[in-house]
Amino acid sequence: MIDLRSDTLTRPTDAMREAMARAEVGDDVYGEDPTVAALEERVAAMFGHEAALFTPTGSMANVLAVASLVAPGEEVLCESSAHIARAELGAHGAITGLTMRTWTGPRGQVDLTAIDAMHAPDMGPFFVRTAAVSVENTHNFAGGAVLPVDDLRALRAWADDTGTRVHLDGARIWNAHVATGTPFADYGRIADVLAVCLSKGLGAPVGSLMVGSADAIAEARVRRKRMGGGMRQVGVLAAAGAYALDHHVERLADDHAHARLLGEAVGVDPAGVDTNIVVVERPDAAAFVAGAAEEGVRIAAVGPRTVRLVTHLDVTRGDAERAAVVLSRLAAR
Ligand SMILES: *Cc1c(COP(=O)(O)O)cnc(C)c1O
(Lines give C-alpha, C1' and ligand atoms only; values in the text may rest on other atoms or scores of the structure.)
Protein backbone atom coordinates (compact mmCIF):
# COMPACT_ATOMS: atom_id res chain seq x y z
CA MET A 1 0.00 0.00 0.00
CA ILE A 2 1.19 3.51 -0.84
CA ASP A 3 -0.34 5.71 1.85
CA LEU A 4 -1.06 9.28 0.76
CA ARG A 5 -3.72 10.04 3.37
CA SER A 6 -1.53 12.25 5.57
CA ASP A 7 2.04 13.23 6.41
CA THR A 8 1.33 12.22 10.02
CA LEU A 9 1.53 8.55 8.98
CA THR A 10 5.33 8.41 8.83
CA ARG A 11 7.09 5.92 11.09
CA PRO A 12 10.39 6.75 12.79
CA THR A 13 13.33 5.55 10.71
CA ASP A 14 15.94 3.16 12.14
CA ALA A 15 18.42 6.04 12.52
CA MET A 16 15.82 8.15 14.30
CA ARG A 17 15.07 5.25 16.66
CA GLU A 18 18.80 4.96 17.40
CA ALA A 19 18.93 8.67 18.27
CA MET A 20 15.92 8.17 20.56
CA ALA A 21 17.57 5.20 22.28
CA ARG A 22 20.76 7.18 22.92
CA ALA A 23 19.01 10.29 24.30
CA GLU A 24 20.12 11.61 27.66
CA VAL A 25 16.98 12.15 29.75
CA GLY A 26 15.73 13.49 33.09
CA ASP A 27 12.43 14.58 34.59
CA ASP A 28 11.31 17.45 32.37
CA VAL A 29 8.68 18.64 34.86
CA TYR A 30 11.66 19.33 37.15
CA GLY A 31 13.36 21.03 34.18
CA GLU A 32 15.99 18.27 34.17
CA ASP A 33 15.73 16.72 30.71
CA PRO A 34 18.77 18.02 28.79
CA THR A 35 17.54 16.72 25.43
CA VAL A 36 14.23 18.58 25.75
CA ALA A 37 15.99 21.74 26.95
CA ALA A 38 18.40 21.62 24.00
CA LEU A 39 15.55 21.16 21.50
CA GLU A 40 13.59 24.04 23.03
CA GLU A 41 16.61 26.35 22.88
CA ARG A 42 17.43 25.30 19.34
CA VAL A 43 13.95 25.87 17.96
CA ALA A 44 13.55 29.21 19.79
CA ALA A 45 16.85 30.39 18.26
CA MET A 46 15.86 29.19 14.77
CA PHE A 47 12.86 31.52 14.86
CA GLY A 48 14.66 34.36 16.64
CA HIS A 49 12.57 34.10 19.81
CA GLU A 50 13.60 33.82 23.46
CA ALA A 51 12.13 30.48 24.42
CA ALA A 52 10.13 27.44 23.36
CA LEU A 53 8.07 24.71 24.99
CA PHE A 54 7.84 21.07 23.89
CA THR A 55 4.26 19.76 23.69
CA PRO A 56 2.76 16.39 22.80
CA THR A 57 0.69 17.80 19.94
CA GLY A 58 0.41 20.74 17.63
CA SER A 59 -3.10 21.34 18.90
CA MET A 60 -1.76 21.80 22.43
CA ALA A 61 0.98 24.12 21.16
CA ASN A 62 -1.69 26.18 19.35
CA VAL A 63 -4.01 26.32 22.37
CA LEU A 64 -1.15 27.45 24.62
CA ALA A 65 0.16 29.91 22.04
CA VAL A 66 -3.17 31.57 21.31
CA ALA A 67 -4.03 31.65 25.03
CA SER A 68 -0.81 33.60 25.62
CA LEU A 69 -2.26 36.39 23.44
CA VAL A 70 -6.02 36.22 23.95
CA ALA A 71 -7.77 36.36 27.34
CA PRO A 72 -11.12 34.66 28.08
CA GLY A 73 -13.87 36.71 26.48
CA GLU A 74 -11.58 38.25 23.86
CA GLU A 75 -11.38 37.17 20.23
CA VAL A 76 -8.87 35.91 17.70
CA LEU A 77 -9.43 36.46 13.97
CA CYS A 78 -8.45 33.66 11.60
CA GLU A 79 -9.12 32.29 8.13
CA SER A 80 -12.36 30.26 7.94
CA SER A 81 -10.66 26.93 7.17
CA ALA A 82 -7.83 27.40 9.69
CA HIS A 83 -6.81 24.34 11.68
CA ILE A 84 -7.48 26.25 14.93
CA ALA A 85 -11.06 26.93 13.77
CA ARG A 86 -11.92 23.58 12.19
CA ALA A 87 -9.72 20.80 13.45
CA GLU A 88 -9.00 21.43 17.11
CA LEU A 89 -12.50 20.44 18.21
CA GLY A 90 -13.34 23.78 19.77
CA ALA A 91 -10.39 23.64 22.19
CA HIS A 92 -9.76 27.39 22.07
CA GLY A 93 -13.36 28.11 23.09
CA ALA A 94 -13.74 25.17 25.45
CA ILE A 95 -10.40 25.56 27.25
CA THR A 96 -9.36 29.19 26.86
CA GLY A 97 -12.84 30.71 26.65
CA LEU A 98 -12.06 32.93 23.68
CA THR A 99 -14.21 33.57 20.61
CA MET A 100 -13.24 33.52 16.94
CA ARG A 101 -14.32 35.41 13.85
CA THR A 102 -13.11 34.44 10.42
CA TRP A 103 -12.35 35.83 6.99
CA THR A 104 -12.31 33.61 3.92
CA GLY A 105 -9.21 33.92 1.80
CA PRO A 106 -8.78 32.18 -1.56
CA ARG A 107 -6.32 29.35 -0.75
CA GLY A 108 -6.27 30.43 2.90
CA GLN A 109 -4.50 33.69 2.17
CA VAL A 110 -4.27 36.73 4.45
CA ASP A 111 -6.89 39.38 3.60
CA LEU A 112 -5.75 42.51 5.39
CA THR A 113 -8.73 44.53 4.15
CA ALA A 114 -11.13 42.01 5.71
CA ILE A 115 -9.05 41.79 8.87
CA ASP A 116 -8.98 45.56 9.25
CA ALA A 117 -12.74 45.76 8.72
CA MET A 118 -13.40 43.08 11.36
CA HIS A 119 -10.88 44.38 13.88
CA ALA A 120 -12.53 45.74 17.04
CA PRO A 121 -10.20 47.64 19.34
CA ASP A 122 -11.16 47.98 23.00
CA MET A 123 -14.66 49.47 22.87
CA GLY A 124 -15.44 49.00 26.53
CA PRO A 125 -18.60 47.09 27.42
CA PHE A 126 -19.92 47.04 23.85
CA PHE A 127 -17.95 44.69 21.62
CA VAL A 128 -15.66 41.72 21.99
CA ARG A 129 -12.07 42.99 21.87
CA THR A 130 -9.88 41.67 19.04
CA ALA A 131 -6.67 40.62 20.78
CA ALA A 132 -4.94 38.68 18.00
CA VAL A 133 -4.90 37.49 14.40
CA SER A 134 -3.88 33.92 13.64
CA VAL A 135 -2.41 32.80 10.30
CA GLU A 136 -1.46 29.32 9.10
CA ASN A 137 1.62 28.65 6.93
CA THR A 138 1.52 26.41 5.06
CA HIS A 139 -2.27 26.29 5.06
CA ASN A 140 -3.44 22.72 5.50
CA PHE A 141 -7.03 22.77 4.23
CA ALA A 142 -6.07 25.17 1.45
CA GLY A 143 -3.92 22.35 0.05
CA GLY A 144 -0.57 23.17 1.64
CA ALA A 145 -0.69 26.74 0.30
CA VAL A 146 2.21 29.03 1.15
CA LEU A 147 1.39 32.47 2.54
CA PRO A 148 3.74 34.97 0.82
CA VAL A 149 6.12 36.47 3.38
CA ASP A 150 5.34 39.98 2.12
CA ASP A 151 1.69 39.49 3.12
CA LEU A 152 2.85 38.36 6.56
CA ARG A 153 5.09 41.43 6.87
CA ALA A 154 2.17 43.67 5.95
CA LEU A 155 0.07 41.93 8.61
CA ARG A 156 2.87 42.50 11.15
CA ALA A 157 3.00 46.21 10.33
CA TRP A 158 -0.79 46.48 10.63
CA ALA A 159 -0.70 44.58 13.94
CA ASP A 160 1.93 46.95 15.33
CA ASP A 161 -0.15 49.96 14.27
CA THR A 162 -3.32 48.63 15.86
CA GLY A 163 -1.86 47.00 18.97
CA THR A 164 -2.94 43.54 17.83
CA ARG A 165 -0.84 40.40 18.40
CA VAL A 166 -0.06 37.72 15.78
CA HIS A 167 -0.09 33.93 16.15
CA LEU A 168 1.45 31.78 13.43
CA ASP A 169 0.30 28.16 13.17
CA GLY A 170 3.49 26.85 11.61
CA ALA A 171 2.71 23.15 11.78
CA ARG A 172 4.26 22.94 8.29
CA ILE A 173 6.47 26.04 8.39
CA TRP A 174 9.32 23.71 7.31
CA ASN A 175 7.52 23.14 4.01
CA ALA A 176 7.03 26.89 3.52
CA HIS A 177 10.74 27.47 4.18
CA VAL A 178 11.84 24.78 1.72
CA ALA A 179 9.36 25.89 -0.97
CA THR A 180 10.33 29.59 -0.81
CA GLY A 181 13.79 29.79 0.76
CA THR A 182 12.45 32.26 3.34
CA PRO A 183 14.62 32.00 6.48
CA PHE A 184 12.90 30.67 9.61
CA ALA A 185 13.84 33.88 11.45
CA ASP A 186 11.84 35.92 8.91
CA TYR A 187 8.76 33.87 9.76
CA GLY A 188 9.60 34.20 13.45
CA ARG A 189 9.80 37.97 13.14
CA ILE A 190 6.23 38.39 11.92
CA ALA A 191 4.71 36.52 14.87
CA ASP A 192 4.49 37.15 18.61
CA VAL A 193 4.08 33.44 19.12
CA LEU A 194 4.30 30.35 16.90
CA ALA A 195 3.43 26.68 17.01
CA VAL A 196 5.51 24.20 14.97
CA CYS A 197 5.06 20.42 14.50
CA LEU A 198 7.77 17.78 14.30
CA SER A 199 5.30 14.98 13.63
CA LYS A 200 4.13 15.92 10.12
CA GLY A 201 6.52 15.81 7.19
CA LEU A 202 9.56 15.86 9.48
CA GLY A 203 8.70 12.32 10.50
CA ALA A 204 9.00 12.40 14.30
CA PRO A 205 6.46 10.14 16.02
CA VAL A 206 5.30 12.85 18.46
CA GLY A 207 6.05 16.43 19.31
CA SER A 208 5.44 20.08 18.63
CA LEU A 209 6.71 23.30 20.11
CA MET A 210 5.27 26.64 21.11
CA VAL A 211 7.79 29.43 20.46
CA GLY A 212 7.68 32.93 21.96
CA SER A 213 8.95 35.29 24.64
CA ALA A 214 10.43 33.98 27.89
CA ASP A 215 7.40 35.30 29.80
CA ALA A 216 4.87 33.71 27.45
CA ILE A 217 6.69 30.38 27.64
CA ALA A 218 6.93 30.48 31.45
CA GLU A 219 3.17 31.04 31.62
CA ALA A 220 2.51 28.33 29.01
CA ARG A 221 4.61 25.87 31.03
CA VAL A 222 2.14 26.27 33.90
CA ARG A 223 -0.87 25.96 31.58
CA ARG A 224 0.60 22.86 29.92
CA LYS A 225 0.93 21.14 33.31
CA ARG A 226 -2.61 22.18 34.23
CA MET A 227 -3.85 20.54 31.02
CA GLY A 228 -2.07 17.31 31.95
CA GLY A 229 0.77 17.94 29.54
CA GLY A 230 3.70 17.83 31.97
CA MET A 231 5.93 15.06 30.65
CA ARG A 232 8.79 13.26 32.40
CA GLN A 233 11.74 11.55 30.58
CA VAL A 234 10.47 12.91 27.30
CA GLY A 235 13.96 13.47 25.89
CA VAL A 236 13.43 10.21 24.02
CA LEU A 237 10.81 12.05 21.96
CA ALA A 238 12.69 15.35 21.76
CA ALA A 239 15.64 13.37 20.35
CA ALA A 240 13.43 12.21 17.48
CA GLY A 241 12.56 15.85 16.80
CA ALA A 242 16.20 16.95 16.90
CA TYR A 243 17.10 14.14 14.52
CA ALA A 244 14.30 15.26 12.19
CA LEU A 245 15.59 18.84 12.19
CA ASP A 246 19.07 17.59 11.32
CA HIS A 247 18.06 15.19 8.56
CA HIS A 248 14.50 15.71 7.34
CA VAL A 249 14.06 19.39 6.54
CA GLU A 250 15.84 19.84 3.20
CA ARG A 251 14.44 16.55 1.87
CA LEU A 252 10.94 18.08 1.99
CA ALA A 253 11.83 19.33 -1.51
CA ASP A 254 11.42 15.69 -2.64
CA ASP A 255 7.92 15.57 -1.14
CA HIS A 256 7.07 18.76 -3.01
CA ALA A 257 8.33 17.31 -6.30
CA HIS A 258 6.30 14.14 -5.68
CA ALA A 259 3.18 16.22 -4.98
CA ARG A 260 3.64 18.10 -8.28
CA LEU A 261 3.94 14.76 -10.08
CA LEU A 262 0.71 13.50 -8.48
CA GLY A 263 -1.04 16.80 -9.15
CA GLU A 264 -0.20 16.56 -12.86
CA ALA A 265 -1.41 12.96 -12.93
CA VAL A 266 -4.86 13.91 -11.67
CA GLY A 267 -5.13 17.11 -13.72
CA VAL A 268 -4.73 19.66 -10.93
CA ASP A 269 -3.41 23.11 -11.91
CA PRO A 270 0.27 23.11 -10.87
CA ALA A 271 -0.25 26.66 -9.51
CA GLY A 272 -2.36 24.99 -6.81
CA VAL A 273 0.42 22.68 -5.59
CA ASP A 274 2.82 24.77 -3.51
CA THR A 275 4.16 22.06 -1.20
CA ASN A 276 3.29 18.47 -0.22
CA ILE A 277 -0.52 18.51 -0.40
CA VAL A 278 -2.71 18.06 -3.48
CA VAL A 279 -6.41 18.84 -3.28
CA VAL A 280 -8.47 17.25 -6.05
CA GLU A 281 -12.09 18.20 -6.74
CA ARG A 282 -13.97 15.06 -7.79
CA PRO A 283 -17.77 14.74 -8.03
CA ASP A 284 -17.26 11.07 -7.08
CA ALA A 285 -14.83 11.53 -4.18
CA ALA A 286 -15.81 8.37 -2.27
CA ALA A 287 -15.69 6.17 -5.41
CA PHE A 288 -12.35 7.70 -6.43
CA VAL A 289 -10.90 6.88 -3.00
CA ALA A 290 -12.28 3.33 -3.13
CA GLY A 291 -10.96 2.78 -6.66
CA ALA A 292 -7.49 3.92 -5.63
CA ALA A 293 -7.51 1.65 -2.56
CA GLU A 294 -8.31 -1.34 -4.80
CA GLU A 295 -5.10 -0.60 -6.67
CA GLY A 296 -2.94 -0.16 -3.60
CA VAL A 297 -3.07 3.62 -3.16
CA ARG A 298 -4.67 5.01 -0.01
CA ILE A 299 -6.00 8.55 -0.31
CA ALA A 300 -8.56 10.46 1.76
CA ALA A 301 -11.87 12.14 0.99
CA VAL A 302 -11.96 15.36 3.00
CA GLY A 303 -15.40 16.36 1.73
CA PRO A 304 -18.14 14.86 -0.48
CA ARG A 305 -16.40 16.25 -3.58
CA THR A 306 -12.87 16.75 -2.31
CA VAL A 307 -9.97 14.30 -2.18
CA ARG A 308 -6.60 15.00 -0.58
CA LEU A 309 -3.21 13.47 -1.40
CA VAL A 310 -0.25 14.13 0.89
CA THR A 311 3.37 13.18 0.22
CA HIS A 312 5.85 12.46 3.01
CA LEU A 313 9.01 10.72 4.17
CA ASP A 314 7.61 7.20 3.65
CA VAL A 315 6.65 7.83 0.00
CA THR A 316 9.60 7.20 -2.30
CA ARG A 317 10.03 8.51 -5.83
CA GLY A 318 9.06 5.04 -7.07
CA ASP A 319 5.92 5.06 -4.90
CA ALA A 320 4.95 8.48 -6.23
CA GLU A 321 5.45 7.34 -9.82
CA ARG A 322 3.39 4.19 -9.27
CA ALA A 323 0.63 6.16 -7.52
CA ALA A 324 0.63 8.69 -10.38
CA VAL A 325 -0.04 5.89 -12.91
CA VAL A 326 -2.94 4.50 -10.85
CA LEU A 327 -4.48 7.89 -10.13
CA SER A 328 -4.20 9.26 -13.66
CA ARG A 329 -5.97 6.15 -14.99
CA LEU A 330 -8.75 6.57 -12.40
CA ALA A 331 -9.01 10.33 -13.03
CA ALA A 332 -9.51 9.71 -16.76
CA ARG A 333 -12.49 7.43 -16.22
C1 LIG B 1 -1.54 18.87 12.16
C2 LIG B 1 -1.75 20.32 12.37
C3 LIG B 1 -1.77 20.87 13.65
C4 LIG B 1 -1.58 20.08 14.91
O5 LIG B 1 -2.19 18.87 14.94
P6 LIG B 1 -1.96 17.74 16.05
O7 LIG B 1 -2.58 16.58 15.39
O8 LIG B 1 -2.66 18.21 17.26
O9 LIG B 1 -0.49 17.59 16.27
C10 LIG B 1 -1.95 22.23 13.76
N11 LIG B 1 -2.09 23.00 12.67
C12 LIG B 1 -2.05 22.51 11.43
C13 LIG B 1 -2.17 23.43 10.27
C14 LIG B 1 -1.90 21.14 11.24
O15 LIG B 1 -1.89 20.66 9.99
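Just follow the structure's listing: the first ligand is 1, and inside any ligand the first atom is 1.
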Undergrad: Tabulated below should be the N or O atoms of ligand 1 paired with protein N or O atoms at under 3.5 Å; can you produce that?
TA:
| unit_1 | atom_1 | unit_2 | atom_2 | d |
| --- | --- | --- | --- | --- |
| ligand 1 | 8 (O) | S59 | N | 2.8 |
| ligand 1 | 8 (O) | S59 | OG | 2.6 |
| ligand 1 | 9 (O) | G58 | N | 2.8 |
| ligand 1 | 11 (N) | H83 | ND1 | 3.4 |
| ligand 1 | 11 (N) | D169 | OD1 | 3.1 |
| ligand 1 | 11 (N) | D169 | OD2 | 2.7 |
| ligand 1 | 15 (O) | N140 | ND2 | 3.3 |
| ligand 1 | 15 (O) | R172 | NH1 | 2.8 |
| ligand 1 | 15 (O) | K200 | NZ | 2.9 |

Undergrad: Does a salt bridge link E79 with R107, judged by any charged N lying under 4.0 Å from a carboxylate O?
TA: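 So E79 does not pair with R107 through a salt bridge.
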Undergrad: Could you pull out all donor-acceptor pairs under 3.5 Å where a side-chain atom in residues 257-270 meets a protein atom, sequence neighbours excluded?
TA:
| unit_1 | atom_1 | unit_2 | atom_2 | d |
| --- | --- | --- | --- | --- |
| H258 | ND1 | D254 | O | 3.4 |
| D269 | OD1 | A271 | N | 2.9 |

Undergrad: Would you mind listing every ring pair (Phe, Tyr, Trp, His ring centres under 6.0 Å) that reaches into residues 122-168, with sequence neighbours excluded?
TA: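 Matches after skipping sequence neighbours: H119-W158.
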Undergrad: Examine the side chains of T113 and D116 and answer whether a donor and an acceptor come within less than 3.5 Å of each other.
TA: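 No - no donor-acceptor pair under 3.5 Å links their side chains.
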Undergrad: Ion pair present between R129 and E75, side-chain N to carboxylate O less than 4.0 angstrom?
TA: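 Salt bridge between R129 and E75, a charged N being under 4.0 Å from a carboxylate O: no.
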Undergrad: Would you tabulate the side-chain donor-acceptor contacts of residues 64-73 under 3.5 Å, counting partners in other chains and residues two or more places apart, or write 'none'?
TA:
| unit_1 | atom_1 | unit_2 | atom_2 | d |
| --- | --- | --- | --- | --- |
| S68 | OG | A65 | O | 2.6 |

